[in-house]
Protein chains: 2
Amino acid sequence: MSINPTKPTYAPGCEETCVHPQAVVQARATLPDDACVIQATHFLKLLGDPTRLKILSALSSTELCVCDLSAVVGLSESAVSHQLRLLRAGRLVAFRRAGRVVYYRLQDEHVTRLLQSALEHARE
Amino acid sequence: MSINPTKPTYAPGCEETCVHPQAVVQARATLPDDACVIQATHFLKLLGDPTRLKILSALSSTELCVCDLSAVVGLSESAVSHQLRLLRAGRLVAFRRAGRVVYYRLQDEHVTRLLQSALEHARE
DNA sequence: GCAATATATGACTACTTGCTCAGATGTTCA
DNA sequence: TGAACATCTGAGCAAGTAGTCATATATTGC
């Protein structure tokens, strides 16, 4: 609860005056630090797009090149390349170059597992 | 590979002509259906925002009311209410009303588990 | 009923995002 | 070297998103 309806009111110890101050203090204490939250949400955001999820799902069984992926997800190679760039920056995928062709694969098990979990949840 | 550089070319059987046609056909076959992808990404998108992740993280130990959550995440009660609305619609949280106060809690174990996984991944 | 309080909602805005298009980069092979 | 090909990249735009502010709704206690 707040004295001013729009802004919460802070008691001298930087602890909020609210309906359940103790619960708030406790929750704030166990909350992961900002850097961690940012990183986690960045990761989840990368998974939370249909095109990227399809790309990752396709890569979960085998490595594929850009134009393969383009055919799989049904989008232009440019669009896929843009998404792969983001996935690379977020270290969700790795790649190797073979001549003109670049093969992408999932970076680690963690990605595979979270992918599975999310898809399972969706099927319920 | 494509004959026209911008658009992939489709062979008569709705199978793409590409660098590795077999791999593409296989990948497309094992790709989860669109509805499933949409649902999964919708769920992940809800997790992939700092404010919502903090809200969910706070709720992972105990139920809290809107103004508690407002104090925890350091945003206006209105902003929190908007996010809770989305989380409710996505069935990530449940709530109970007690007089004027509405208590929110996580809907199921699945949410907790995925939350943990993502935070773990972030800490590496 | 009426004032006070807790929450919800609608309109608006600044920001982000995913695609397309055009063109750049890098690799192969004649 | 130069043409062909696979991929990458930057600009620009349409759609989506998260917050603020003002206001509506719902519940309590007088």
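In the text below, chain A, chain B and the rest are named by the order of the sequence lines, each starting its count at 1.
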Atom CZ of Arg100(B) and atom C1' of dA8(C): how far apart are they, to the nearest Å? 16 Å
Can you find a side chain N or O atom of Arg52(A) that sits less than 4.0 Å from OP1 or OP2 on dG18(C)? yes
Rounded to whole Å, the CG-C1' distance (Leu69(B) to dA18(D)) equals 17 Å
Between Gln83(B) and dG19(D), does any side-chain N or O lie under 4.0 Å from OP1 or OP2? yes
Assign the ring pair Phe43(A) / His110(A) to parallel, tilted or perpendicular, where the plane angle (0 to 90°) is split at 30° and 60°. perpendicular
To the nearest Å, give me how far apart CG (Leu64(B)) and P (dT7(C)) are. 11 Å
Calculate the interatomic distance between Lys54(B) atom NZ and dA18(D) atom C1'; express it in whole Å. 13 Å
Stacked pair His82(B)-dT9(C), distance under 5.5 Å, angle under 30°: yes
For DNA chain C, whose closest nucleotide is more 5', that of Ala98(A) or that of Val66(B)? Val66(B)
Below the 4.0 Å mark, does dT9(C) have OP1 or OP2 next to a side-chain nitrogen or oxygen of Ser81(B)? no
Return the value, rounded to whole Å, for the distance between atom CD of Glu77(A) and atom P of dA24(C). 19 Å
Presence of Arg97(B) side-chain N/O under 4.0 Å of dA8(C) phosphate oxygens OP1/OP2: no
Flag if over 12 foreign heavy atoms under 6.0 Å of CZ, Arg88(A): yes
Of the nucleotides dG19(D), dC8(D), dT17(D), which has the atom closest to the Thr51(B) side chain? dG19(D)
Scan Tyr103(B) against the nucleic acid and name what it touches under 4.0 Å (heavy atoms): base, sugar-phosphate only, or nothing. nothing
Contact nearer the 5' end of DNA chain C, comparing Ala79(A) with Leu84(B): Leu84(B)
Interatomic distance, Leu86(B) CG vs dT7(C) C1' [rounded to whole Å]: 15 Å
Once you round it to whole Å, what is the distance between C1' of dT17(C) and CG of Leu46(A)? 12 Å
Answer whether the closest heavy-atom distance between the side chains of Leu64(B) and Gln26(A) falls below 4.5 Å. no
Stepwise side-chain hydrogen bond (donor to acceptor under 3.5 Å, both in side chains) test for Arg52(A) and Gln83(A): CA-CA 7 Å; Arg52(A) 287 193 295 265; Gln83(A) 297 309 327; 2.7 Å; yes
Identify whether the distance between the nearest side-chain nitrogen and carboxylate oxygen of Asp34(B) and Lys54(A) falls below 4.0 Å. yes
Between dG18(C) (P) and Arg85(A) (CZ): distance, integer Å: 14 Å
For the base of dC21(D), is there a side-chain donor-acceptor partner from Ser78(B) under 3.5 Å away? yes
Any base atoms under 4.0 Å from Tyr104(A), or only sugar-phosphate, or nothing? Heavy atoms, all strands. sugar-phosphate
